[in-house]
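Notes follow the structure.
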Amino acid sequence: RLYHGIDCKLMFNKVDFSFNIPISTTIKYSIAPHTATNGICIKFGKPLSNQKNYYLDVSDLSQFPDEKERITYGGEPLGFLDIIYNGQSHSEHIMSLRLYQQIIEGNWF
């Protein structure tokens, strides 16, 4: 599982997507909300797949090695597992959106 703190509003067309640019993530949940000014944390993963994404562990190169920073780029699509805002999980809403997306795409069996 990877976490990313955000500090602006973003809109995504799907709950699973590939990154076309490198994205900085962390493996420590306790770090991610503190990297954003408004405390929004996105938890990424692959809920329906055993495939792995590759990332570059840059924690040894970082000025803040306790952040356990990972740089992720491209690869198999990652998905939202949870959006955590002000310490409150919204994983049930994400799962509802995931089911809706699967129904719309005809992959709900």
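For reference, positions follow the sequence shown, starting with 1. When reading the values below, keep in mind they use all heavy atoms of this one structure, side chains included, and skip hydrogens, waters and symmetry mates.
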Student check: side-chain heavy atoms of [X] and [Y] closer than 4.5 Å:
{"X": "Thr26", "Y": "Glu69", "answer": "no"}
{"X": "Ser59", "Y": "Arg70", "answer": "yes"}
{"X": "Thr72", "Y": "Leu78", "answer": "yes"}
{"X": "Ile40", "Y": "Ile84", "answer": "no"}
{"X": "Ser24", "Y": "Ile71", "answer": "yes"}
{"X": "Ile23", "Y": "His4", "answer": "yes"}

With rounding to the nearest 0.5 angstrom, report the CG to CE distance, Leu81 to Met95. 8.0 Å

So CG of Asp60 and NZ of Lys68: to nearest 0.5 Å the spacing works out to 8.0 Å

Exercise: identify the closest heavy-atom pair between Arg1 and Gly45: NH1-CA, 4.1 Å

Set out, in order, the CA-CA distance, both residues' side-chain angles and the distance that settles side-chain contact (heavy atoms from CB on, under 4.5 Å) for His90 and Asp82, then state yes or no. CA-CA 6 Å; His90 297 283; Asp82 198 0; 4.3 Å; yes

[Y] reachable from [X] in the ILVMFWY side-chain graph, under 4.5 Å edges:
{"X": "Leu56", "Y": "Leu61", "value": "yes"}
{"X": "Tyr55", "Y": "Ile42", "value": "no"}
{"X": "Tyr85", "Y": "Ile94", "value": "yes"}

Please verify the inter-ring angle class for Phe44 with Phe80; under 30° counts as parallel, over 60° as perpendicular, anything in between as tilted. parallel

